[in-house]
Amino acid sequence: MKSISEPKTTTVQLDIRDIHARVGGQHVLQGLSLTVEEGEFLTVLGHNGAGKSTLLRTVMGLVRAREGSLSFSGADITKLSTPQVVNSGISLVPQQRGYFENLSVGDNLDLAATDGRIDIGTIHELFPALAEREKQLVGTMSGGQRQMVALSIALLANPKLLMLDEPSVGLQPNLVERVMEVTDQINREYGITIIMVEQNIEKALRVAHRVAVVNRGRIALNKSTADVNPQEIWDLL
């Protein structure tokens, strides 16, 4: 479990109300409601097909909500396009990553850089391996290194809310550990709200403040990680 104290703020940053969404003709989200506080680290768990990735994609405007509403920092984002959602302060690291394979690490970071606290120097501190491989084409890198690039690109947008879709998939154990450490660090040091969809329950519970379990397109469990019994989670998976 996360050893630091939970965030003291009670300001709701993301408010998801009774969202319905369809993907490929399937009714994936079926009245899902969830709130996320500013500065919070939330992990979202659930079995394959439960709607976890669709939830993140709906927040980003990549999947259109058929019913319900989404608000971020008090503003309605339900009908915004994905670029407008990004401009509002939300970044997503998708399972398909999100980088240019035919460009170098340096070029990818340069294209992503924006004005803010997190700059390329910060990225090099978080991921020294990227500084060493600045001229290497991303497409020639290992899966773990490419995940670092994808996470860096999302961070360089200086988001208020960072969402990660199963960042540990396919990574070696030491790289999973590093990804968890970095997400924990940026949450603590920069106050960036984190929503992380994850399959590694043990590691997810260790870094998150709160856990939400998606089951059949709705939130079936929503608890502080300090109060949740892992068996409660397994019973829903």
Review point. Can a donor-acceptor pair be found between the side chains of Thr114 and Asn158 at a distance below 3.5 Å?
Key: yes

Point to revise | Between Asp76 and Ser71, a side-chain donor and acceptor under 3.5 Å | key: no

From [X] atom [atom1] to [Y] atom [atom2], the distance as rounded to the nearest 0.5 Å:
| X | Y | atom1 | atom2 | value |
| --- | --- | --- | --- | --- |
| Ser53 | Gln95 | OG | CD | 4.5 Å |
| Arg218 | Leu32 | CZ | CG | 9.0 Å |
| Arg146 | Glu101 | CZ | CD | 6.0 Å |
| Leu45 | Gln199 | CG | CD | 9.5 Å |

Check your understanding: Got a donor-acceptor contact below 3.5 angstrom from the Asn108 side chain to the Tyr99 backbone?
Key -> no

Do the side chains of [Y] and [X] get nearer than 4.5 Å, heavy atoms only?
| X | Y | result |
| --- | --- | --- |
| Met163 | Met196 | no |
| Lys223 | Arg210 | no |
| Leu151 | Leu162 | yes |

**Study point:** Salt bridge Arg206-Glu177, side-chain N to carboxylate O under 4.0 Å
**Key:** yes

Exercise for review: With sequence neighbours excluded, tell me which residues meet ring-ring contact (aromatic ring centres under 6.0 Å, His included) with His20.
Suggested key: His27

Point to revise | Candidate list Ile153, Leu175, Val138, Val105, test side-chain contact (heavy atoms from CB on, under 4.5 Å), partner Met148, passing option | key: Leu175

**Study point:** Same cluster (ILVMFWY, side-chain, under 4.5 Å), Leu164 and Phe41
**Key:** yes

